[in-house]
Amino acid sequence: MVVDSFKFLPRTFRPLYEGRGPFPGEDEPVWAPFEKRLAQARIALLTSAGMYLKDSQPSFDLEREQTHPEWGDPTWRSIPATASAEGIGVAHLHINDDDLLADPEIALPMHLLGQLAEEGMIGGAVAEHVSVMGFQERSLRDWHETTAPELVAHLRDQVADGLILAPA
Amino acid sequence: MPVLARWIEAAGIPTVVVTMMPSVAKERRAPRIVGVEFPFGHAFGMPRDRGMQRRTLELALRVLGGASDFGTRVDLDVEWPVPVREAYRAWQPKEPSPIVRKMLESPKSS
């Protein structure tokens, strides 16, 4: 079974994604071997659904996106693996957030990952997962220059052996 | 997102992208890809369907831990349990996003 990548996308959006090839300067293979057994590895999750902690973190900046439609907030949030669904907000103007708010696990399955760690399929889960807001300015300059290095430092700090990224 | 995965991978941390647009992730040269035929916003499945979410997450872990080659893509054989037209409408925001609004308005202004 091969997934239809455009099944749920409006037809007019398809040319925005398809046939554009690699991102400029990103055509060579990059590869970090996964050297441990899963049962000994610590795993991190990253969602681009714009999740944040309502009580202690600022939302992603949607007001600026409203006035600058081609811009998206390039910052990131650290989401504790113990966060409850009730404490999570979603700031993303490009998707309906009803299901994400009802069950954040559909984009950031951190409780399920914790369960797989308890069952022994993986060695562990990081204490702090990651959230970004996926709609970004086309050049991705801020993500490249600031966000990506910060995420790498965070993941190293969390002693992550691997990362699962899920676009919203 | 595939590009973000590449930058993190280049720093030495293995990555897998779980995506509803796996052919695009492949074009953008993501190192490891799991394709899901789910609506946007639902990378791991239906709300509160732990079985579906588990199948997706376990496949992501297997591809992360076991893929031997750059560009490995494995698709999840799970059908979205909602009729396509309904699911197509349901994932979209209640109001058009600012960029879509701008695109819709631009022919009028030209």
Side-chain angles (χ1 to χ4, degrees), chain A residues 1-9 17-23 26-27 29-34 37-38 41 43 48-49 65-66 69-70 93-97 99-100 102-103 105-107 109 112-113 116 121-122 134-135 140 143-144 148 151-152 155 160-168, chain B residues 1-24 27-29 31 35-37 39-48 50 53-54 57-58 60-61 64-67 70-71 75-77 84 87-88 90-94 97-99 101-102:
Chain A
M1 183 268 179
V2 175
V3 163
D4 173 0
S5 292
F6 304 101
K7 186 164 184 173
F8 296 103
L9 192 74
Y17 295 96
E18 190 179 37
R20 301 181 80 99
F23 189 78
E26 296 292 337
D27 48 354
V30 288
W31 188 254
F34 194 95
R37 290 187 182 277
L38 276 177
I43 304 298
S48 68
E65 190 186 334
Q66 290 287 8
E70 279 155 35
L93 296 172
H94 302 255
I95 44 177
N96 183 322
D97 58 17
D99 284 352
L100 290 160
D103 183 10
E105 295 273 306
I106 66 174
L112 179 55
L113 189 72
L116 296 183
M121 182 186 178
I122 59 170
F135 180 77
L140 298 180
W143 262 18
H144 192 192
L151 293 181
V152 168
L155 293 167
D161 294 306
L163 174 68
I164 299 173
L165 303 94
Chain B
M1 180 67 75
V3 187
L4 186 58
R6 287 178 55 89
W7 292 330
I8 292 168
E9 183 101 13
I13 298 168
T15 63
V16 60
V17 178
V18 178
T19 175
M20 37 295 278
M21 293 205 286
S23 68
V24 175
E27 264 194 61
R28 302 290 185 277
R29 315 272 287 155
V36 290
E37 207 167 78
F40 295 90
H42 300 73
F44 292 91
M46 290 280 286
R48 300 197 177 87
R50 294 286 174 261
Q53 295 169 8
R54 176 183 271 260
L57 182 57
E58 286 186 353
L61 287 166
L64 177 65
F70 171 80
D75 288 356
L76 180 72
D77 187 3
V84 175
Y88 174 88
W91 75 260
Q92 301 196 44
K94 290 156 196 141
S97 65
I99 190 75
R101 207 166 54 231
K102 188 178 170 187

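Chain letters run A, B, ... following the sequence lines, proteins first, then strands; residues in each count from 1.
In this structure, V3(A) and M20(B) approach most closely via the heavy-atom pair CG1-O, 4.3 Å. Across all non-hydrogen atoms, the minimal contact from Y17(A) to R28(B) is O-NH2, 2.8 Å. The shortest non-hydrogen separation linking H94(A) to W91(B) is O-CZ3, 3.4 Å. Closest heavy-atom contact between P33(A) and P14(B): O-CG, 3.7 Å. Here the closest heavy-atom approach between residue A107(A) and residue F44(B) is recorded as O-CE1, 3.6 Å. Scanning both residues, D103(A) and R48(B), for their nearest heavy atoms gives OD2-N, 2.6 Å.
Using a 4.5 Å cut-off between heavy atoms, I43(A) contacts chain B through its side chain alone, with no backbone atom that close. Proximity to chain B (any heavy atom under 4.5 Å) is shown, for A49(A), by neither the backbone nor the side chain. Looking at L140(A), the atoms closer than 4.5 Å to chain B (heavy atoms on both sides) sit in the backbone and in the side chain alike. Using a 4.5 Å cut-off between heavy atoms, L112(A) touches chain B through backbone and side chain atoms alike. Contacts of V16(B) with chain A are made by both backbone and side-chain atoms, with heavy-atom separations under 4.5 Å. Contacts between L100(A) and chain B at a heavy-atom distance below 4.5 Å involve the side chain alone, from C-beta outward. Both the backbone and the side chain of A67(B) come within less than 4.5 Å of a heavy atom of chain A. Both the backbone and the side chain of L113(A) come within contact range of chain B, judged by heavy atoms closer than 4.5 Å. For a residue to count as touching a neighbouring chain, one of its non-hydrogen atoms must lie under 4.5 Å from one of that chain's; by this rule R37(A) does not touch chain B.
Across T19(B), L57(B), I8(B), V17(B), the residue that shares the most heavy-atom pairs under 4.5 angstrom with chain A is L57(B). Note on G41(B), P31(B), A43(B): by heavy-atom pairs under 4.5 Å with chain A, the leading option is G41(B). Per-residue heavy-atom pair counts under 4.5 Å with chain B were compared for H144(A), E105(A), E70(A), and the maximum is reached by H144(A). Contact count versus chain A (heavy atoms, under 4.5 Å) is highest, among G35(B), P2(B), A11(B), for A11(B). Chain A forms more heavy-atom pairs under 4.5 Å with one residue of K94(B), E58(B), R54(B), M46(B) than with any other, namely R54(B). Note: D27(A) leads D27(A), D161(A), L151(A), I122(A) in heavy-atom pairs under 4.5 Å with chain B. With respect to chain B, the highest number of heavy-atom pairs below 4.5 Å among P29(A), A148(A), G162(A) belongs to P29(A). In terms of heavy-atom pairs under 4.5 Å with chain B, the best-connected choice from F8(A), F34(A), F6(A) is F8(A). Looking only at heavy-atom pairs under 4.5 Å with chain A, the residue among V24(B), L64(B), V84(B), V36(B) that has the most is L64(B).
Put simply, the side chain of E37(B) gets close to the backbone of D4(A): a donor and an acceptor are under 3.5 Å apart. The main-chain N or O of G19(A) is found under 3.5 Å from a side-chain atom of E27(B) such that the two form a donor-acceptor pair. The backbone N or O of M1(A) sits nowhere less than 3.5 Å from a side-chain atom of D77(B) that would complete a donor-acceptor pair. No donor-acceptor pair closer than 3.5 Å links the side chain of S23(B) to the backbone N or O of S5(A).
Taken from CG in D99(A) to NE2 in H42(B), the straight-line distance is 3.5 Å, to the nearest 0.5 Å. Distance CD/Q92(B) to CG/N96(A): 9.5 Å, rounded to 0.5 Å.
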Where do Q53(B) and I106(A) land on the side-chain contact (heavy atoms from CB on, under 4.5 Å) test, with the steps shown first?
CA-CA 7 Å; Q53(B) 295 169 8; I106(A) 66 174; 3.5 Å; yes
Show the numbers, then the answer: is there a side-chain contact (heavy atoms from CB on, under 4.5 Å) between E65(A) and I99(B)?
CA-CA 9 Å; E65(A) 190 186 334; I99(B) 190 75; 5.7 Å; no
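Ring geometry for F23(A) against W7(B) counts as perpendicular: the plane angle is over 60°, on a 0 to 90° scale with 30° as the lower cut.
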